[in-house]
2 protein chains.
Amino acid sequence: MPVTIHDVARRAKVSASTVSRALGASHHVRGTTRDRVLAAARELGYQPNPAAQSLITGKTGNIGIVVPDLGNPFYTGVLRGVQSRARAGGYAVFFADCEEDASAEEALVRSMARQVDGVIICAPFSSDTQLNGLRSVTSLTLLNRRLRGVPAVFMDSAGGMKQVVDHLAALGHRRCAYLNGPHNAWSNRERRRGLRAAAARRHVAVVEFGPFEPKFSGGVQAADLALASGVSAVIAYNDLMALGVLSRLADRRVAVPDEMSVVGFDNLLYAAVCAPPLTTVAMPMEAGGRAAVDLLLAGVGTPADGDPTPCRELSTNLIVRATTAPAPDSSSAARPAPPPGPGKVTDTDD
Amino acid sequence: MPVTIHDVARRAKVSASTVSRALGASHHVRGTTRDRVLAAARELGYQPNPAAQSLITGKTGNIGIVVPDLGNPFYTGVLRGVQSRARAGGYAVFFADCEEDASAEEALVRSMARQVDGVIICAPFSSDTQLNGLRSVTSLTLLNRRLRGVPAVFMDSAGGMKQVVDHLAALGHRRCAYLNGPHNAWSNRERRRGLRAAAARRHVAVVEFGPFEPKFSGGVQAADLALASGVSAVIAYNDLMALGVLSRLADRRVAVPDEMSVVGFDNLLYAAVCAPPLTTVAMPMEAGGRAAVDLLLAGVGTPADGDPTPCRELSTNLIVRATTAPAPDSSSAARPAPPPGPGKVTDTDD
DNA sequence: ACTCGCTCCCCAAACGGTTGCAGAAATCGT
DNA sequence: ACGATTTCTGCAACCGTTTGGGGAGCGAGT
């Protein structure tokens with residue numbers, strides 16, 4: 001039923017190989033012949049069979065991407081960037097949601113491996129060992145995860161965190177809570193690293209909680225802990241959690257930002273929309289997706305040379321909205337003093 | 001480099017065809033031989049080449065899905081359902097975002113056609129003619145769009161709208177605005193149809209605006225128009241628009257729900273989270289995605305028989321939250337009114 | 001006229017599997 | 001022990017495409 005290269009060949013009265021050459025590398029085929037072939041192909045509506053092509057060329061024209069959670073707009077943002085760039089380059093894209101499970105992530109990459117030219121793993125949950133195992137099965141590019149020898153694009157979370165701390169310190173906050181995201185997430189480690197460095201420099205004390213699920217419900221859960229710890233500001237791992245915090249604080253009649261400041265990460269649409277609009281760090285999601293595709297496609301076919309593994313770092317920036325304000329007067333002691341909670345206190349004011 | 005069926009055959013000291021049979025249809029291969037083959041395959045880490053398989057079998061083991069807007073959580077919701085069901089059935093999934101452009105949609109389906117066993121088109125923007133053209137190129141299943149002879153799953157938008165109108169009428173609203181989504185969207189037509197029928201029955205006047213972009217910005221734009229029209233309630237095409245309306249009304253110091261009631265469609269996470277939480281109609285997004293996959297896979301390989309084209313309708317239901325309240329100038333809503341029974345009850349005071 | 005060198009096209013062999021067919025081996029009855 | 005029957009395995013063709021090598025045709029140089 002589908003039209004093959006032989007149908008075109010018959011109609012153009014040439015051989016199949018001539019058709020192939022006329023459509024592809026125009027090497028060694030006369031102009032008039034090529035025109036005839038092209039016309040025949042168009043009339044018949046010929047579309048080459050990708051399976052047959054990839055069987056012989058070894059290239060599939062596809063790339064894959066696996067993300068931890070399709071419900072998180074951050075990942076759908078990078079998905080968007082990936083898909084638009086890939087399509088523009090003539091690539092089709094496979095996707096999969098590993099639901100924040102490392103072994104599912106690995107299995108998905110393996111199952112994709114045979115029908116793609118490479119896969120992008122977004123904020124991988126897998127261990128370095130697992131990831132290294134995957135390198136032999138297909139060409140990899142990572143987003144927000146560092147691994148020796150693997151091309152990757154990073155978003156400067158630590159830099160964003162520095163901006164957050166500077167902002168908070170300028171507003172007079174001396175004691176902040178950080179709500180951890182997943183313990184093994186590179187982004188969480190980076191944010192924490194940036195937080196500690198900046199907090200030390202600005203003489204801000206930090207209380208840490210978590211890890212929590214990086215979702216709305218995680219934020220709801222965390223809010224009470226942060227509230228009990230006597231901080232004047234809480235920095236959430238991401239916007240979803242920050243929104244959960246906001247919701248819980250509203251339920252408990254804690255005024256934001258007057259009694260408590262809240263900061264998130266990602267700059268989702270909903271951060272701008274909610275009441276009050278959330279102060280947050282904008283992450284370049286679509287740009288990250290596009291950059292990952294560029295790196296992946298550039299690396300295809302390049303064996304392990306002596307040249308360094310290509311990386312790209314994308315900058316982030318703080319967007320100040322309505323959930324941050326000057327710290328309430330610390331002498332008022334409206335809230336109970338810091339109790340011995342499950343939080344770990346990193347007091348750098350010495 | 002990759003291990004082929006011949007490598008396995010050599011190691012197991014059988015022919016390639018025996019390996020093929022041992023791994024696939026276990027017909028006609030001795031138990032001991034099969035064990036030997038399986039062991040060899042496992043030791044070598046053999047994975048069949050899907051391109052070669054699909055070349056000969058004609059099946060690819062892939063399905064495709066195209067959605068209008070990856071930035072809309074409604075579509076990422078169905079994407080989730082699709083991907084989980086497809087993976088469970090051993091299928092990999094291609095996806096694409098047509099950005100609400102009909103011709104892009106058609107082009108994307110065509111480009112996928114050769115490497116999938118079928119594609120799901122989610123809330124298609126294409127014309128019936130375009131869609132019919134696509135039927136010849138691959139097997140289709142539609143979500144929220146009716147087309148003669150094409151399997152489809154529907155969400156009962158009209159039924160949801162009826163619940164909305166009943167709710168609003170019971171609260172004493174006599175005059176509502178409807179903010180149209182895309183003019184050619186099946187869902188929008190269904191919602192409007194349901195609205196007109198229910199409004200007539202309940203003696204509620206309806207003012208329509210739009211079409212608008214089904215996004216936050218569209219709602220912001222629409223809010224002023226609705227406000228100027230003197231209605232006491234506004235029904236938005238979807239939650240994104242409803243959130244836009246909420247935001248604009250807050251800016252203009254219009255109290256929700258006391259001065260104006262607002263209703264959306266979709267029941268996105270953010271509808272539950274925002275302040276005030278949005279009254280909305282829950283659409284079964286993931287279930288819809290799963291159902292679409294089931295229909296698609298059931299239809300694969302079934303030629304045009306005399307049997308009816310399979311369809312599934314999923315029910316929707318209203319979720320009342322904090323954006324709907326009795327109409328401001330409605331004295332009748334202040335005291336308990338007789339519940340509206342189907343058919344017999346008529347409003348007399350008009 | 002013969003050879004040389006081009007240009008252009010066709011033949012045929014892959015790529016990695018699946019499957020119809022036929023032949024070999026095992027099983028069985030007598 | 002021998003053929004009949006069943007069970008297993010190998011051979012080879014095929015799916016649709018790309019690609020190296022060879023050959024036909026032809027103009028030009030000597």
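In what follows, chains are A, B, ... by sequence order, proteins preceding strands, each numbered from 1.
- A salt bridge links B:Asp69 to A:Arg80: at least one charged side-chain nitrogen sits closer than 4.0 Å to a carboxylate oxygen.
- Looking at A:Arg114, its side chain has no donor and acceptor atom pair within 3.5 Å of the base of C:dG17.
- Scanning all heavy atoms of the two residues, the minimum distance from A:Ala291 to A:Arg312 falls at CB-NH1, 3.9 Å.
- Between A:Ala51 and B:Ala16, the one whose closest nucleotide on DNA chain D sits nearer the 5' end is B:Ala16.
- Among the nucleotides C:dG17, C:dC10, D:dC8, the one closest to the side chain of A:Thr18 is C:dC10.
- Within 4.0 Å (heavy atoms only), A:Thr4 reaches sugar-phosphate atoms of the nucleic acid but no base atom.
- For B:Ile56, the side-chain atoms get nearest to C:dT18 when compared with the rest of D:dT9, C:dT18, C:dC9.
- Regarding A:Ile5, its CD1 atom lies at a distance of 14 Å from the C1' atom of C:dC9, rounded to whole Å.
- Listed nucleotides D:dT17, C:dG17, D:dT18 differ in distance to A:Ser20; the shortest reach to its side chain belongs to D:dT18.
- Close to D:dT18, at under 4.0 Å from its OP1 or OP2, lies a side-chain N or O of A:Gln53.
- Straight-line distance from the CG atom of B:Leu55 to the C1' atom of D:dG16: 5 Å, rounded to whole Å.
- In summary, A:Asp128 and A:Arg146 do not engage in a salt bridge, as defined by a charged side-chain N under 4.0 Å from a carboxylate O.
- At a cut-off of 3.5 angstrom, counting only N and O atoms as typed in the model, there is no donor on one side facing an acceptor on the other between the side-chain of B:Arg21 and the base of C:dG17.
- OP1 or OP2 of D:dT9 sits under 4.0 Å from a side-chain N or O of B:Thr33.
- Heavy atoms of A:Val14 sit under 4.0 angstrom from primed sugar atoms or phosphate atoms, though from no base atom.
- For B:Ser54 and D:dC15, a side-chain-to-base donor-acceptor distance below 3.5 Å is absent, hydrogens and geometry of angles not being considered.
- In this structure, of D:dC8, D:dA12, C:dA12, it is C:dA12 that holds the atom nearest to the side chain of A:Ser17.
- Residues A:Ser126 and A:Glu106 bring no donor and acceptor atom of their side chains to less than 3.5 Å of each other.
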